[in-house]
Each structure stands twice: as structure tokens, then as C-alpha cells.
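Here the structure is laid out as C-alpha cells; the discussion comes afterwards.
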Amino acid sequence: MTIIFSDIGGVVLTNGWDSHARHRAVLFFELDQDEVNHRHDLYFPLLELGKINLDAYLDAVIFYKKRPFNRNEFLEFVYQQSQTLPDIRDVYLTLKKKYKVKIFALSNESGELAHYRYRKFHLGSLFDAYIVSAFIKLRKPDPDFYRLALDLAQKEPEEVIYIDDRPILVEAAQKLGIRSIVHVNAAATWGYLEQALAAQTSP
């Protein structure tokens with residue numbers, strides 16, 4: 001095992017635009033939550049698949065009628081929802097240095113949010129490849145998403161390990177023979193990866 005596949009949202013960073021973030025937006029901007037959620041459910045898959053951009057998503061979900069706030073105010077709120085999660089960055093950097101592993105990001109995100117998070121949180125120093133749904137037009141748990149990641153890594157399923165905070169996405173990877181674990185916290189993920197990597201380097 002020389003490559004780790006890792007989700008971003010819920011592992012390295014908070015989720016970029018999940019139900020909790022939308023609920024905070026509904027309260028802050030005094031929106032109709034049912035209306036926002038209904039429109040979001042229709043358009044968000046298109047956003048994450050890169051079939052529409054963030055402006056088109058906002059036109060359909062928020063700015064389909066006149067609002068007392070502008071697009072830039074709302075966008076700034078969206079971007080502010082992204083925060084670093086504790087410790088896991090140090091875990092990954094330590095493993096990269098100690099075992100010379102590479103780490104590929106596998107993320108369901110819009111293109112604009114992915115670019116923002118990549119720059120804001122200096123993810124280029126952490127990830128060796130950045131595989132995002134909006135760039136490849138595939139969303140997890142589509143098996144082809146994982147297959148493409150394996151092809152890019154030039155690895156067989158048993159040669160990588162996948163980390164994600166969502167059990168359903170872990171299950172999808174496991175069905176392809178990829179060793180996968182559910183990320184709960186940095187300490188548990190460190191323990192699992194350290195044991196797995198140390199075992200394969202022992203004489």
C-alpha cells in the first residue's frame with residue numbers, strides 16, 4: 001500500500017455546503033427552509049457533477065426572486081462555512097514523511113468550492129492528486145469514480161486504502177475490493193493507518 005485515498009469534507013475540512021450550512025444560511029438570511037431544500041435537492045447533484053456552475057445553482061436555489069441581500073454577501077457566507085478539522089492534516093503529513101505514501105483527495109464538490117478550498121487551505125501541500133466530482137463528471141458512490149481514481153493512481157484495489165466519514169461511501173469502495181475505513185476522529189484514523197503501514201514495512 002503506497003497510496004491513501006481520502007475524502008475532504010468531514011475528514012480534512014468541514015463539509016463545504018451541507019444541510020447544516022444551509023440551515024445556518026436559512027436562519028441568517030431569513031429564507032424559507034422547505035423551499036430552499038426542495039430547490040437544492042433538484043440542483044445540487046448538477047452542481048457537484050459540474051453540469052452547472054455555482055452562479056447557476058444560486059440563480060435556481062436562492063436568487064430566483066428578489067432578495068434583500070446580494071450574491072456576493074451570500075457567496076461569502078457559503079465560503080465561510082469551510083473550516084479545518086483538528087489534527088488529521090498532521091496525521092497525513094506525518095505518514096507521508098515516515099512511509100513515503102501519496103495521498104489522493106476524492107471529493108464530491110462543486111468546481112468553484114473545490115478551487116476555493118484548495119487555495120484557502122493549501123491543500124496542494126497535503127494531497128498529491130485532487131479528484132473532484134465537478135472535474136470528472138462523476139459523483140461518489142458511483143463505482144466509476146473509484147475506478148477512475150485507481151486508474152489515475154495506477155494501482156489495484158488492494159494496493160490502496162480509502163478514508164471517508166460517510167459509511168455509505170466507504171461501503172461503495174469496499175464493494176470494489178478497496179480496503180476502506182470510516183473516519184471518526186484523527187486518533188482512530190492515525191492508529192489504523194500507522195498499524196497498516198508499519199506492518200507492511202516490517203522485516
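Under a 3.5 Å cut-off, the side chain of Thr189 and the backbone N or O of Ala186 do not form any donor-acceptor pair. Judged by distance alone, with hydrogens and angles left aside, the side-chain atoms of Arg179 form no donor-acceptor pair with the main-chain N or O of Gln174 at under 3.5 Å. One N or O on the side chain of Arg39 and one on the backbone of Ala60 form a donor-acceptor pair closer than 3.5 Å. A donor-acceptor pair under 3.5 Å links the side-chain atoms of Ser133 to the main chain of Glu48, judged by distance alone. Without hydrogens or angle criteria, Glu112 side chain to Leu54 main chain gives a donor-acceptor distance under 3.5 Å. Without hydrogens or angle criteria, Gln33 side chain to Glu30 main chain gives no donor-acceptor distance under 3.5 Å. Within the 3.5 Å criterion, the main-chain N or O of Asp7 finds no donor-acceptor partner in the side chain of Ser107. Of the possible donor and acceptor atoms, none in the side chain of Asn15 sits under 3.5 Å from a partner among the backbone N and O of Asp18.
No side-chain heavy atom of Glu73 sits under 4.5 Å from any side-chain heavy atom of Pro68. Here the side chains of His40 and Trp17 are in contact, with some heavy-atom distance below 4.5 Å. Looking at heavy atoms from C-beta onward, Ile8 lies in side-chain contact with Glu109 at the 4.5 angstrom threshold. Gln81 has its side chain out of reach of His20: every pair of non-hydrogen atoms, C-beta onward, lies at least 4.5 Å apart. Inter-residue side-chain proximity for Leu123 and Arg89 is flagged as met; some heavy-atom pair is nearer than 4.5 Å. Using a 4.5 Å cut-off on side-chain heavy atoms (C-beta onward), Lys140 and Asp164 make contact. Counting heavy atoms from C-beta outward, Val12 and Leu85 have side chains that stay 4.5 Å or more apart. Between Leu169 and Tyr162 there is a side-chain heavy-atom pair separated by less than 4.5 Å.
Hydrophobic clustering (side-chain heavy atoms under 4.5 Å, transitive across Ile, Leu, Val, Met, Phe, Trp, Tyr) groups Leu126 together with Leu193. Under the 4.5 Å side-chain heavy-atom criterion for Ile, Leu, Val, Met, Phe, Trp and Tyr, Val132 and Phe44 are members of distinct hydrophobic clusters. Tracing side-chain contacts under 4.5 Å through hydrophobic residues (I, L, V, M, F, W, Y), one never reaches Leu46 starting from Leu138; they form parts of separate clusters. No continuous path of ILVMFWY side-chain contacts below 4.5 Å connects Val61 to Leu49, so the two sit in separate hydrophobic clusters. Put simply, Tyr130 and Tyr116 are part of two different groups of oily side chains (I, L, V, M, F, W, Y) that touch within less than 4.5 Å, one to the next.
Val101 pairs by the side chain to side chain contact (heavy atoms under 4.5 Å, CB included) definition with Ile4, Leu95, Lys96, Tyr99, Leu197, not counting sequence neighbours. Legend: residues meeting side chain to side chain contact (heavy atoms under 4.5 Å, CB included) with Lys137, ordered by chain and number and at least two apart, are absent.
You'll find the ring centres of Phe69 and Phe63 inside the 6.0 Å limit. In this structure, the ring of Phe135 has its center less than 6.0 angstrom from the ring center of His115. Checked against the 6.0 Å centroid criterion, the rings of Phe77 and Phe29 qualify as a close aromatic pair.
Considering all non-hydrogen atoms of both residues, Ala25 and Leu31 come closest at O-CD1, 4.1 Å. Residues Ala21 and Gly16 share a closest heavy-atom pair of CB-O, 4.5 Å. The shortest non-hydrogen separation linking Ser82 to Phe121 is O-CZ, 3.3 Å. Pairing each heavy atom of Leu106 with each of Ala149, the nearest pair is CD2-CB, 3.9 Å.
Tyr146 and Lys175 share no donor-acceptor pair across their side chains, judged by distance under 3.5 Å alone. Using modelled atom types, one finds no donor on one side chain facing an acceptor on the other under 3.5 Å when comparing Ser19 with Arg24. Side-chain contact, Tyr92 with Ser6: a donor N or O sits under 3.5 Å from an acceptor N or O.
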Walk me through it: do Ile181 and Ile163 pass the test side chain to side chain contact (heavy atoms under 4.5 Å, CB included)? CA-CA 5 Å; Ile181 65 166; Ile163 314 295; 3.3 Å; yes
Does Phe127 form a ring-ring contact (aromatic ring centres under 6.0 Å, His included) with Phe104? I'd like the steps, not just the answer. CA-CA 5 Å; Phe127 294 115; Phe104 284 20; 9.3 Å; no
Worked check of side chain to side chain contact (heavy atoms under 4.5 Å, CB included) between Leu150 and Ile178: CA-CA 10 Å; Leu150 289 170; Ile178 299 172; 4.0 Å; yes
Salt bridge (Lys or Arg N to Asp or Glu O under 4.0 Å) between Asp144 and Arg147: does it pass, once the steps are laid out? CA-CA 5 Å; Asp144 283 342; Arg147 292 189 185 107; 2.9 Å; yes
In sequence, state the C-alpha distance, the side-chain angles, and the governing distance for Ile136 and Leu148, and then conclude on side chain to side chain contact (heavy atoms under 4.5 Å, CB included). CA-CA 9 Å; Ile136 64 172; Leu148 178 59; 3.7 Å; yes
From CA spacing to verdict: side chain to side chain contact (heavy atoms under 4.5 Å, CB included), Ile88, Trp190: CA-CA 8 Å; Ile88 193 66; Trp190 161 262; over 6 Å; no
Are Arg71 and Asp59 close enough, and set up right, to give a salt bridge (Lys or Arg N to Asp or Glu O under 4.0 Å), and what steps lead you there? CA-CA 9 Å; Arg71 184 181 300 267; Asp59 284 342; 2.4 Å; yes
